There are 4 protein chains.
Amino acid sequence: MAKRTGEKYQVILEAAVKTFARTGFHRTRIADIAGEAGVADGTVYIYFKNKEDILISLFQNLMNTFVEELKNELLQCQNANEKLERIITYHLTTLANRPDQAKVTQIELRQIDQVINKGISKPLKSYFYLIEEVVEEGKKQGLYRHNLDTRIARKVIFGAIDEVITCWVMSGKAYDLIALRNPVFELLVKGLQ
Amino acid sequence: MAKRTGEKYQVILEAAVKTFARTGFHRTRIADIAGEAGVADGTVYIYFKNKEDILISLFQNLMNTFVEELKNELLQCQNANEKLERIITYHLTTLANRPDQAKVTQIELRQIDQVINKGISKPLKSYFYLIEEVVEEGKKQGLYRHNLDTRIARKVIFGAIDEVITCWVMSGKAYDLIALRNPVFELLVKGLQ
Amino acid sequence: MAKRTGEKYQVILEAAVKTFARTGFHRTRIADIAGEAGVADGTVYIYFKNKEDILISLFQNLMNTFVEELKNELLQCQNANEKLERIITYHLTTLANRPDQAKVTQIELRQIDQVINKGISKPLKSYFYLIEEVVEEGKKQGLYRHNLDTRIARKVIFGAIDEVITCWVMSGKAYDLIALRNPVFELLVKGLQ
Amino acid sequence: MAKRTGEKYQVILEAAVKTFARTGFHRTRIADIAGEAGVADGTVYIYFKNKEDILISLFQNLMNTFVEELKNELLQCQNANEKLERIITYHLTTLANRPDQAKVTQIELRQIDQVINKGISKPLKSYFYLIEEVVEEGKKQGLYRHNLDTRIARKVIFGAIDEVITCWVMSGKAYDLIALRNPVFELLVKGLQ
DNA sequence: GATGAATGAGAGTTCATTCAT
DNA sequence: AATGAATGAACTCTCATTCAT
């Protein structure tokens, strides 16, 4: 049970993003996902343990790619400030360009029990760690003040970006999200100095 | 249906906070709330339309009190900086002192459909507006830079506080939340200058 | 319990005819009847045992008046044929003039359990008996054949009238019911001869 | 939803006739039908929309067979009188031989909302049409008077047969229903002449 | 007698999950 | 591996009826 590879694995995952984004996690039935994926209901259970497992796998997949790509982006940066800007840009751009993913990440993902949040927090933590590394680097480079609490800085940074995106999703994506890149960066970087 | 006053209305609301915090919104059955409140299942439906109505009413009640009290707090402040500090302090302190409310606000409340979020966004907006007023005031007082985008500033401020509290709740409230008041304030206020 | 007199008894009964006719027996809630009657829910139970009791009492009231008035009508008739015509005319006219009563009698009344039909069959039987008396009289007067089975004749007569009215009610009362008086009479009287 | 074929479809339908006849439509729970059919509660919903859908499907099935068979019977008849007799005989015989069907047709079927009667009236109309055809034929053959209103004649014929059967069912089937064939036929045919 | 808030049993319906094919 | 019919536990919500005031 829970075969995690194969062609249908991806097909189901993609059907799930679409369906969750359209219908919402709790209103989505396994049959909806199966239908969207063009497979039988039972087939879903060959690849996933249950509905929550789909949502978590979804997020883990997205997040792994997200962090991997972001790491590559950061290799091109010279210092913490550049890296912070790149993080903000990449985070905003990625979700601006993938509305279904944005909907699932910002809204649907929060609709599951605390217990199961463990499945979410692990891949999320690697992102958190990335941010914290940049903050540390900034402190070493003398760009950010020495007595800055790295943990709290990370929470403020992530909370700010996250809230900005959530507001955008809730607004029905009514404005240009990427345009918020600069003012958010400016606000955060000054706060860190 | 949906009688919004009376002794039992409050009793059920209080039972709901407790039960949602303990069991989680989706795992909570109406029977659980009724049992906790010491009333019959049917009685719940005299006062509330359904389970979601309870959650929304809950939040509206909490939020109204929250904003009302916060407004009073702000009357005692001399300038925007003092007000911003008061907001952060009040927000952190309130949720630190009411663990059930914190759990419901930070976790359970996000577990309902986007559609129903309307019931949540209205009272939330009055809090957002309060923050934006303070930012505006700070700009007028020359404390914050003139080209600061008030909307974005508000999102960063709220997002930061919200994330800090969510992390604390997810950690099982393992540390002193109120202690984060100063570093968060410092970070934000510098960002606004 | 089940006080069968008083001003409110009549008020509730009238409210019930209206409500049953409008909403249908099973979809009608006691609260609807109480509301229509302008009394409290509980008051209904001072005068009636339960919802079925209301429907039965309703029918008994209507039927008693119906039979009483019909008896008077028949006093003015010279022979069985005249009486039969009067029965048909009176039956059709009465229900044509009282749409709510027609709806309740032809449709709603049939929506209760066989067991409770006892409450209905008693007043109905006095109508049946009236018809049978007329058939017998016709036989004695040499108007109807001697070997006519009175019971069966009554069933055919009542069945014919009843079906004619039911069709009219189901059609949404789209045509003149009373106009069917003559052809129905003709058909039946010839059958009896 | 509402798969209208398959082995279980028939099994559930047969269980429903039995259960409705025994317990009455409104007192019958889906669980009772499922139990009688030897399937799970949920299985019923694979084949039927809801309880009313079962009752209607039931009647449509019975009525289709009824009309089909009756049409075949009528092929063997020479004239309208023979056909009328065959109709009466067939109608009485069929229900006399299938007590459950009789109970459901005469009693339970009348216990549903007017709105839903639409599902009933369609198959019923094909029976009505059959009767009217015979009346027309009789008029053409000079057996029945020319000025006879076909519609009304049909109502009287159907009403008579229907009432005769209903009385028999209500009596607890205490006498020989088929024996009423001749007197009913005689009464009706004379009425038509 | 009248009220109407409170009761709580009851049933329909959904849908995640299983498993024989 | 894939299917999809069948399962049956779970849970919301309704509403007839009661009874303290």
Side-chain angles (χ1 to χ4, degrees), chain A residues 1 3 6-9 12 26-35 37-54, chain B residues 1 3 6-9 12 26-35 37-53, chain C residues 1 3 6-9 12 26-35 37-54, chain D residues 1 3 5-9 12 26-35 37-54:
Chain A
M1 228 170 271
K3 196 174 161 293
E7 182 206 353
K8 303 231 164 156
Y9 180 76
I12 293 167
H26 276 107
R27 280 215 277 258
T28 293
R29 290 156 299 175
I30 293 288
D32 296 332
I33 299 174
V39 302
D41 292 15
T43 306
V44 174
Y45 286 89
I46 298 172
Y47 295 95
F48 299 92
K49 216 172 116 260
N50 52 34
K51 202 164 75 159
E52 277 165 347
D53 185 32
I54 300 177
Chain B
M1 222 173 272
K3 207 168 152 290
E7 182 209 351
K8 303 246 159 137
Y9 179 77
I12 293 168
H26 276 108
R27 281 216 274 260
T28 293
R29 286 157 301 163
I30 293 289
D32 297 333
I33 299 173
V39 301
D41 289 18
T43 305
V44 174
Y45 288 90
I46 298 175
Y47 295 94
F48 300 91
K49 224 174 110 260
N50 52 35
K51 204 165 71 165
E52 276 167 347
D53 187 31
Chain C
M1 227 171 272
K3 196 173 161 294
E7 183 206 352
K8 303 230 164 156
Y9 180 77
I12 293 168
H26 276 107
R27 280 215 277 257
T28 293
R29 290 155 299 175
I30 292 289
D32 296 332
I33 299 174
V39 301
D41 292 16
T43 306
V44 174
Y45 287 88
I46 298 172
Y47 294 95
F48 299 92
K49 217 173 114 259
N50 53 34
K51 203 165 73 162
E52 277 165 347
D53 185 32
I54 301 177
Chain D
M1 224 173 271
K3 207 168 153 288
T5 51
E7 181 208 353
K8 303 245 159 138
Y9 179 76
I12 293 168
H26 276 107
R27 281 216 275 258
T28 293
R29 285 157 300 165
I30 293 289
D32 297 332
I33 299 174
V39 301
D41 290 16
T43 305
V44 174
Y45 288 89
I46 297 174
Y47 295 94
F48 300 92
K49 222 173 111 262
N50 52 36
K51 205 165 72 164
E52 276 166 348
D53 187 32
I54 301 178

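Everything numeric in this text was worked out from a predicted model, so none of it was measured.
Every stem involving DNA chain E, taken as at least 3 paired positions in a row under the Watson-Crick or G-U wobble test at 3.5 Å, is listed here: E:2-21 with F:2-21.
To the nearest angstrom, P of F:dC15 lies 21 Å from CZ of C:Phe48. Residue D:Ile30 contributes atom CD1, which lies 17 Å from atom P of F:dA9 at whole-angstrom precision. In this structure, D:Arg29 places its CZ atom 9 Å from P of E:dG10, rounding to the nearest Å. Following rounding to the nearest Å, A:Asp53 (CG) and E:dA16 (C1') show an atom-to-atom distance of 14 Å. In this structure, CZ of D:Arg27 is placed 18 Å from C1' of E:dG12, rounded to the nearest angstrom. Rounding to whole angstrom units, NE2 of residue D:His26 and C1' of E:dG10 are separated by 15 Å. Rounded to an integer number of Å, the gap from CG of A:Asn50 to C1' of E:dC15 is 13 Å. Atom C1' of nucleotide F:dC15 and atom OH of C:Tyr45 are separated by 8 Å, given to the nearest angstrom.
Along DNA chain E, the nucleotide closest to A:Lys51 and the one closest to D:Thr28 are compared, and the more 5′ of them pairs with D:Thr28.
For the pair C:Lys51 (side chain) and C:Thr28 (backbone), a donor-acceptor distance under 3.5 Å is present.
Between B:Asp41 and B:Ala34 the shortest heavy-atom distance is OD1-CB, 3.6 Å.
Between atom OH of residue C:Tyr45 and atom CG of residue C:Asp53 there is a gap of 10.5 Å, rounded to the nearest 0.5 Å. Note: B:Ile33 CD1 to B:Thr43 OG1 = 13.0 Å, rounded to the nearest 0.5 Å.
Classification of the A:Phe48-A:Tyr9 ring pair by plane angle, with boundaries at 30° and 60°, yields parallel.
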Give each protein N/O atom lying under 3.5 Å from an N/O atom of nucleotides 6-8 of chain E, with the pair distance.
unit_1	atom_1	unit_2	atom_2	d
E:dA6	OP1	B:Tyr47	OH	3.4
E:dA6	OP2	B:Tyr47	OH	2.4
E:dT7	OP2	B:Ala40	N	3.1
E:dT7	OP2	B:Thr43	OG1	2.3
E:dG8	N7	B:Gly42	N	3.2

